[in-house]
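Contents: one structure, followed by commentary.
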Amino acid sequence: MNFIIESTVKAIKELYHADIAPSDISLQETRKEFEGQVTIVTFPFTKFSRKSPEQTGAEIGEYLKNSLKEISAFNVIKGFLNISICSAYWIDQLYTEILKDDFAVLKPNGKRVMVEYSSPNTNKPLHLGHVRNNLLGYSVAQILEAAGYEVIKTNLVNDRGIHICKSMLAWQLYGNGETPQSTGEKGDHLVGKYYVIFDKEYKKEIEFLKSEGQTEEEAKKNAPLIKQAQELLLKWEAGDEKVIDLWKTMNTWVYDGFGKTYKALGVEFDKFYYESNTYLLGKDIIDEGLQSGVFFKKEDGSVWIDLTEDGLDQKLVLRADGTSVYMTQDMGTAKLKYDDFQMDESIYVVGNEQDYHFKVLFLILQKLGKTWAKGLFHLSYGMVDLPSGKMKSREGTVVDADDLIAEMKTTAKAQTEALGKINDFGEEEKEQLYHTIGMGALKYFLLKVDPKKRLLFDPNESVDFQGHTGPFIQYTHARIKSVLNRATITGMETDPTELAPEERDLIVTLTQFPDIITQAAIAYNPGTVANYVYELAKTYNKFYHEHSILQAEDELVKQFRLELSVASAKVISKAMNLLGIDVPERM
RNA sequence: GGUCCCAUAGCUCAGCUGGAUAGAGCAACUGAUUUCUAAUCAGUAGGUCUCUGGUUCGAAUCCAGAUGGGAUCACCA
């Protein structure tokens, strides 16, 4: 559409002798109720023309129509110049742009970006909150790649610390040597079970101590279980062989379980970092900051940074005993990641409860003069809440990821069977399809909303399969494929005839795809793609309903509609892939 | 208390750097299938865009304030 903007700049120069920048012209889609495809708002030009918005629009419209062969008509309503572009232009767009293999393949921008997501703790299975994180991270990575970045997907696994020791301790005390093999339980669930047991027993001890007259705080500190867990952590840090062995064994169980969940979610990673390797990092940065005066030492030996000038607080970066805190590690890990990959940008997909932490982290790194710090970005997303409130793994009030995935598949199965369209499928093929549809529904449900917004998930109200949903779009794809399977495409191009409105709208929508990718990449928002592909599917369905493809008026029209269908299926499939959603050939 | 995020139809959400009569889906009601997949399409109904001011030819959108909801301000991660 750039040619219209360029001509409008010229029009204003010739008609009103004024220079305006192309960026000052706002070109927008014409609203459905008016004639035309693009609209120019003429209010801003009246100060040059010194005429009414209507008259200005008419003059510019006349100029454009005379100078551009693509423009077939125009009309002016109030301050809006609506332009109709001729069918030949749109048909040309279909054959020379949309149908080409490199359509919506954006040029490499020479930039490398790291997307860190998932980042689970290894003491419990993944829940719905993690699912949102994983889908968001994976989709953003896909979108950035489509937008021309070189993308590195990383997962920083929190595999050490007191929470893991709690699971280990509870397993030692109450586990009777249970293993995933002996119980048939998925490894991460087995370990998570002992995490919950720990919490239950710990609470009992607290109650008991309170009944003996201790305060809540004292009881929490003095309970034997927490003391034992802390001892375990000290032994781990000292490298005690038996403790390390148990830790390794239980983590292996968990990774095995996570691997299955990741596979079911369809997410993957290029590089894993483990906190057991990185938790001691960052101390050299502390020294560096002390020397440069960015940090200061208090009397007790603890190290701090004063951010009050930036509207934040004083923040501890190293304990008095010289051990690191979360911030210390994160500084060190940020540096490690940069040393490994020298990326231009680094995106942390982490919940919004850590907004403050990342604000501080990035600010500290900037103050330390790290040139790469300006490329750091916290992709913050809202929590997933249940009607009953916040999910808490410790208390077992979570929507488990594996359960949810299984449920989605069951629902997909029931819906599909009720329609009875795939009775000729083999068992394996059926299972595959149920998974594709179930995950399509779940992924679309989670990705269509703005990441910033918190999400309320009611487990009793199942995720929809009709309307503005993943399966709706998947269905549109399958439907197109079904038509295409019944026809032969000869590859002959149509004559530039007059397009029906539904055909033209479909091409117009298709041409927007590259822009959508760019927009989604800039905003780190898969929702942009999700809403676009829904719009596209709706537009196709309308076209499909109004026009017969196989029984078209003549062979040329038929071939044209087939090509239009090919293009639509291609864009739908590609857009859905940016969301990490597969589209079936039949359903 | 300080800081950050959110507020649009009964419900779940779109609405790009300000533009026309604020759009979808779900739920409710009506209609379309001897015709390419009806998980579809067409229609009816549903709104003080939380409130108050400001900027502007023009504000759901930008600014200020208020109200409500959430998060955070740990020598936890």
Side-chain angles (χ1 to χ4, degrees), chain A residues 23 26 28-34 39 41-44 46-47 53 77-80 82 119 121 158 160-163 275 279 298 300 302-304 311-313 315-321 323-327 329-330 351-357 359-360 380 382-383 385 390 412 415-416 418-419 421-422 437 441 445 448-450 452-456 458 461 464-476 478-487 515-516 519 522-523 527-528 530-532 534-535 537-538 541-542 544-552 561-562 565 586-587:
Chain A
S23 56
S26 78
Q28 49 189 287
E29 237 185 299
T30 303
R31 296 182 68 118
K32 292 267 181 275
E33 57 267 39
F34 302 105
T39 294
V41 183
T42 63
F43 289 104
T46 53
K47 58 172 176 266
I77 294 161
K78 291 195 256 179
F80 300 91
N82 302 321
S119 306
N121 292 351
N158 184 4
R160 52 140 253 130
I162 190 74
H163 42 285
E275 287 203 9
Y279 81 107
K298 285 197 179 172
D300 62 0
S302 58
V303 180
W304 296 72
L312 305 170
D313 307 293
K315 190 81 193 169
L316 177 94
V317 291
L318 196 72
R319 291 192 188 106
D321 62 7
T323 56
S324 8
V325 289
Y326 183 37
M327 193 61 75
Q329 286 178 47
D330 261 11
N352 64 8
E353 68 216 339
Q354 294 196 35
D355 284 356
Y356 184 76
H357 171 77
K359 209 169 159 181
V360 171
S380 160
M383 297 286 96
D385 291 323
K390 227 182 150 170
Q415 301 254 346
T416 309
L419 293 170
K421 293 179 184 176
I422 55 146
I437 296 173
F445 175 79
K448 75 173 173 186
V449 293
D450 188 325
K452 274 203 299 287
K453 297 198 178 177
R454 59 192 281 265
L455 207 65
L456 193 73
D458 189 343
E461 270 179 51
D464 277 330
F465 283 66
Q466 264 105 27
H468 189 180
T469 65
F472 169 90
I473 300 161
Q474 291 175 318
Y475 173 76
T476 305
R479 184 189 232 185
I480 296 172
K481 287 292 176 172
S482 162
V483 174
L484 293 178
N485 282 335
R486 293 163 181 271
D515 264 355
I516 293 292
Q519 272 179 42
I522 290 170
T528 308
N531 286 301
Y532 165 77
Y534 171 63
E535 200 58 46
K538 266 206 309 191
N541 280 333
K542 188 162 184 159
Y544 177 91
H545 194 258
E546 294 295 322
H547 302 283
S548 178
I549 297 163
L550 300 177
Q551 265 79 50
R561 289 183 184 158
L562 284 170
S565 299
R586 282 182 57 193
M587 67 185 273

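- Rounded to an integer number of Å, the gap from OH of A:Tyr544 to P of B:U40 is 13 Å.
- Judged purely by atom type and a 3.5 angstrom limit, A:Lys448 uses its side chain to pair as donor or acceptor with the backbone of A:His468.
- Rounded to a whole Å, the OH atom of A:Tyr534 is 15 Å from the P atom of B:A39.
- A:His547 is linked by a ring pair (Phe, Tyr, Trp, His ring centres under 6.0 Å) to A:Phe543, counting only residues two or more places apart in sequence or in another chain.
- The nearest whole Å value for the distance from the CD1 atom in A:Ile422 to the P atom in B:U37 is 16 Å.
- Distance alone, capped at 3.5 Å, places no donor-acceptor pair between the A:Arg479 side chain and the A:Asn541 backbone.
- Computed from coordinates, the A:Phe445 CZ to B:C26 P distance equals 15 Å when rounded to whole Å.
- Across all strands, A:Arg31 comes closer than 4.0 Å to base atoms (heavy-atom distances).
- In terms of polar N and O atoms assigned as donor or acceptor, the side chain of A:Thr416 comes within less than 3.5 Å of the base of B:A39 in a complementary pairing.
- In this structure, A:Tyr475 has no ring pair (Phe, Tyr, Trp, His ring centres under 6.0 Å) partners at least two apart in sequence or on a different chain.
- Protein atom NE2 of A:His545 is 9 Å distant from nucleotide atom P of B:U33, rounded to whole Å.
- Ring stacking is absent between A:Phe80 and B:G19, as the pair misses the limits of under 5.5 Å between centres and under 30 degrees between planes.
- B:A39 has no stacking from A:Phe465 on its base ring, since the centres under 5.5 angstrom apart and planes within 30 degrees of parallel are not both found.
- The base of B:A20 is paired with the side chain of A:Thr39 by a donor and an acceptor separated by under 3.5 Å.
- A:Ile473 places its CD1 atom 16 Å from the P atom of B:A39, with the value rounded to the nearest Å.
- An OP1 or OP2 oxygen of B:G25 is reached within less than 4.0 angstrom by no side-chain nitrogen or oxygen of A:Lys538.
- At the phosphate of B:A14, OP1 or OP2 sits under 4.0 Å from a side-chain N or O atom of A:Lys453.
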Report summary line: Protein heavy-atom contacts under 4.0 Å, written 5' to 3' over nucleotides 67-77 of chain B as B (base), S (sugar-phosphate only) or - (none), form the string --S-SSS-BSB
Report task. Please lay out, stage by stage, how A:Met383 and A:Asn352 fare under the test side-chain contact (heavy atoms from CB on, under 4.5 Å). Result -> CA-CA 7 Å; A:Met383 297 286 96; A:Asn352 64 8; 4.0 Å; yes
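- Rounded to whole Å, the separation between the P atoms of B:C6 and B:A42 comes to 33 Å.
- Each of A:Lys481 and A:Lys542 lies near RNA chain B, and the nucleotide nearest A:Lys481 is the one positioned closer to the 5' end.
- Residues forming a ring pair (Phe, Tyr, Trp, His ring centres under 6.0 Å) with A:Tyr532 (at least two apart in sequence, or on another chain): A:Phe513.
- Counting non-hydrogen atoms under 4.0 angstrom, A:Asp330 reaches nothing in the nucleic acid.
- With hydrogens and angles ignored, a donor-acceptor pair closer than 3.5 Å exists between the side chain of A:Asn82 and the base of B:A20.
- By the neighbour-count criterion of 12 heavy atoms within 6.0 Å, atom NZ of A:Lys452 is sparsely surrounded, having that number or fewer from other residues, nucleotides or ligands.
- Partners of A:Ser482 according to the side chain to side chain contact (heavy atoms under 4.5 Å, CB included) rule, which considers only residues two or more places apart in sequence or in another chain, are A:Arg486.
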Requested in this report: Would you write the dot-bracket representation of RNA chain B, where each base gets (, ), [, ], | or . depending on whether it forms a Watson-Crick or G-U pair under 3.5 Å and with which partner?
Outcome: (((((((..((((.....[...)))).(((((.......))))).....(((((..]....))))))))))))....
